[in-house]
Amino acid sequence: MVPARVIFQNTHRIMSLFPYKDRLNRSQMSKVVYKASCRDCQDFYIGKTKRKLHDRKTEHFKAITRNGHRSAIAEHVTSTGHNLTWEQLF
């Protein structure tokens with residue numbers, strides 16, 4: 001019996017036809033490390049979440065507007081009246 005030989009092998013793969021995946025905007029990414037920096041002083045908060053960054057930021061904002069929620073960010077903003085900037089680190 002003669003062993004089978006491959007005469008032609010297609011080097012094109014489906015991913016070569018569609019090389020780019022749709023990129024998510026930062027707020028829709030999950031499993032991220034983020035930094036909330038105070039615009040008015042040197043304080044900052046480093047956090048990480050497995051969920052979407054947008055959802056976690058929404059929770060921080062709700063903690064600021066509602067007195068029942070506890071958050072280090074909320075305590076800083078409500079006690080000082082300072083503002084925040086958000087960065088995604090990883």
Answer yes or no: is there an ion pair linking Arg51 with Glu59, defined by an N-O contact shorter than 4.0 Å? yes
Could you state the interatomic distance from [atom1] ([X]) to [atom2] ([Y]), rounded to the nearest 0.5 Å?
X	Y	atom1	atom2	result
His82	Ile73	NE2	CD1	14.5 Å
Thr78	Arg66	OG1	CZ	15.0 Å
Arg56	Phe61	CZ	CZ	11.5 Å
Thr49	Lys31	OG1	NZ	11.0 Å
Tyr45	Lys35	OH	NZ	14.0 Å

Can you check whether Ser37's main-chain N or O pairs, donor with acceptor, with Asp43's side chain at less than 3.5 Å? no
For a side-chain contact (heavy atoms from CB on, under 4.5 Å) check, start with the C-alpha distance between Tyr34 and Glu87, then their side-chain angles and the critical distance, and finish with the verdict. CA-CA 6 Å; Tyr34 60 94; Glu87 303 172 49; over 6 Å; no
If you apply the rule side-chain contact (heavy atoms from CB on, under 4.5 Å), what do you find for His76 with Ser71, and how did you get there? CA-CA 9 Å; His76 179 76; Ser71 164; over 6 Å; no
Output all residues satisfying side-chain contact (heavy atoms from CB on, under 4.5 Å) with [X], sequence neighbours left out; order by chain, then residue number.
X	answer
Asp55	Lys52
Ser79	none
Ser30	none
Glu75	Arg70

ring-ring contact (aromatic ring centres under 6.0 Å, His included) filter on His54, not counting sequence neighbours, yields none
Residues that Phe44 engages under ring-ring contact (aromatic ring centres under 6.0 Å, His included), provided they are two or more places apart: none
Could you tell me which non-hydrogen atom of Met29 sits nearest to which non-hydrogen atom of Val32, and how far apart they are? CB-CG1, 3.9 Å
Before giving the answer on side-chain contact (heavy atoms from CB on, under 4.5 Å), spell out for Thr80 and Asp40 the whole-Å C-alpha distance, their side-chain angles and the decisive distance to 0.1 Å. CA-CA 9 Å; Thr80 62; Asp40 304 309; over 6 Å; no
Partners of Lys48 by side chain to side chain donor-acceptor pair (under 3.5 Å), sequence neighbours excluded? none
